[in-house]
Amino acid sequence: TFTYTGDNSGATVTITSGARPGEFYNLVIQDANASDTFNLDEDLTVHGSLTLAATNAATADFSMNTVTLEGDFDLEAGTFTAPGSAETFTVGGDWTRGSGTFNPNGGVVTLATDSVTQTFSGNTTFYGLVKNVPADPAQEYSLIFTSGSTQTVNRLLTLQGDSNAD
């Protein structure tokens with residue numbers, strides 16, 4: 001797990017991964033300064049989970065890069081600006097939105113095709129949301145929406161399953 005804590009200067013902090021460009025296992029952005037903004041200098045792949053836990057509403061602006069999460073997306077606090085329509089944003093695990101703000105930025109969130117069960121909790125408004133599952137008669141796929149949470153899709157909702165399933 002790599003944790004960015006910001007520099008409390010109110011400046012922009014650019015996330016770089018060093019030796020393996022754009023790759024982390026787990027990435028946590030945790031900053032107590034509301035004026036810090038985190039952005040990417042390249043496309044991002046997180047092999048585990050991405051967590052934004054910026055206690056005083058710091059911003060993670062990933063609007064200009066492709067983001068691929070093989071694990072969970074956890075927006076505990078702060079503001080997350082998603083990749084825009086020219087980029088992709090893929091989530092392989094669960095989606096959790098606590099008190100943070102999700103800015104869909106006109107982009108589509110694509111749920112990974114190899115994720116068997118994905119759970120959504122917390123209220124989120126998406127611009128677009130897509131889930132396509134492969135034809136696999138031996139496998140069942142589930143999207144679970146927790147009780148008391150609302151998911152809103154403003155433009156594009158695509159849920160495509162196996163047309164040969166029982």
Side-chain angles (χ1 to χ4, degrees), residues 1-18 20 22-84 87-112 114-131 142-154 157:
T1 298
F2 192 89
T3 302
Y4 273 89
T5 56
D7 61 6
N8 293 322
S9 69
T12 297
V13 179
T14 301
I15 296 174
T16 59
S17 59
R20 295 189 67 178
E23 292 192 38
F24 293 90
Y25 184 73
N26 290 311
L27 178 60
V28 177
I29 299 171
Q30 185 169 331
D31 186 13
N33 188 342
S35 60
D36 281 347
T37 298
F38 296 82
N39 65 16
L40 301 171
D41 69 344
E42 58 197 344
D43 292 343
L44 176 68
T45 298
V46 179
H47 298 287
S49 297
L50 172 64
T51 301
L52 179 59
T55 56
N56 283 330
T59 298
D61 183 353
F62 293 3
S63 60
M64 303 302 290
N65 299 85
T66 291
V67 176
T68 304
L69 307 179
E70 293 176 3
D72 301 336
F73 176 78
D74 186 8
L75 179 54
E76 296 174 9
T79 299
F80 180 85
T81 301
E87 307 297 336
T88 60
F89 184 21
T90 303
V91 178
D94 297 335
W95 182 280
T96 303
R97 180 174 165 257
S99 63
T101 301
F102 177 72
N103 175 1
N105 194 33
V108 174
V109 175
T110 300
L111 305 174
D114 58 348
S115 295
V116 175
T117 300
Q118 289 177 291
T119 300
F120 287 75
S121 60
N123 302 331
T124 305
T125 298
F126 298 93
Y127 179 82
L129 184 63
V130 173
K131 174 71 175 186
S142 299
L143 289 178
I144 298 170
F145 300 95
T146 59
S147 176
S149 67
T150 301
Q151 310 308 316
T152 303
V153 180
N154 285 335
L157 174 63

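The figures that follow rest on heavy atoms only: side chains count, while hydrogens, waters and symmetry mates do not.
- Here side-chain hydrogen bond (donor to acceptor under 3.5 Å, both in side chains) pairs that include residues 97-109, with residues two or more places apart or in two chains, number zero.
- With hydrogens and angles ignored, the 3.5 Å screen pairs no side-chain donor or acceptor of Asn154 with any backbone N or O of Tyr127.
- Residues Thr37 and Asp61 are in side-chain contact: their nearest non-hydrogen atoms beyond the backbone lie under 4.5 Å apart.
- Side-chain N or O atoms of Asn65 include one that pairs as donor or acceptor with a backbone N or O of Glu42 at under 3.5 Å.
- The main-chain N or O of Phe120 is found under 3.5 Å from a side-chain atom of Thr146 such that the two form a donor-acceptor pair.
- The distance from the CZ atom of Phe89 to the CZ atom of Phe62 is 9.0 Å, given to the nearest 0.5 Å.
- If you take OG1 on Thr68 and CG on Leu44, they are separated by 8.0 Å, rounding to the nearest 0.5 Å.
- Remark: side-chain polar atoms of Asp94 are paired, donor with acceptor, to backbone N or O of Thr119 under 3.5 angstrom.
- Across every non-hydrogen atom of Val46 and Asn26, the tightest pair is CG1-CA, 4.1 Å.
- The CG atom of Asn123 sits 7.0 Å away from atom CD of Gln151, with the distance rounded to the nearest 0.5 Å.
- Once rounded to the nearest 0.5 Å, the distance linking CG of Leu143 with CG of Leu129 reads 7.5 Å.
- The backbone N or O of Gly92 sits less than 3.5 Å from a side-chain atom of Ser115, completing a donor-acceptor pair.
- The shortest side-chain heavy-atom distance between Leu50 and Phe80 falls under the 4.5 Å cut-off.
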Would you check, one step at a time, whether the test side-chain contact (heavy atoms from CB on, under 4.5 Å) holds for Thr88 with Thr110?
-> CA-CA 8 Å; Thr88 60; Thr110 300; 5.9 Å; no
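- Going from atom CG of Asn39 over to atom CE of Met64 covers 10.5 Å, rounded to the nearest 0.5 Å.
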Under the side-chain contact (heavy atoms from CB on, under 4.5 Å) criterion, do Leu75 and Thr124 qualify, and how do the steps go?
-> CA-CA 10 Å; Leu75 179 54; Thr124 305; over 6 Å; no
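- The minimum heavy-atom distance linking Leu52 with Gly78 is given by the pair CD2-C, 4.2 Å.
- The distance from the OG1 atom of Thr45 to the CZ atom of Phe24 is 10.5 Å, given to the nearest 0.5 Å.
- If you run side-chain contact (heavy atoms from CB on, under 4.5 Å) between Trp95 and each of Val109, Leu111, Asp72, only Val109 comes through.
- Judged by distance alone, the side chain of Glu70 and the main-chain N or O of Gly93 form no donor-acceptor pair under 3.5 Å.
- A side-chain donor-acceptor contact under 3.5 Å links Gln118 to the backbone of Val91.
- Shown here is Phe145, whose CZ atom has more than 12 heavy atoms of other residues, nucleotides or ligands within 6.0 Å.
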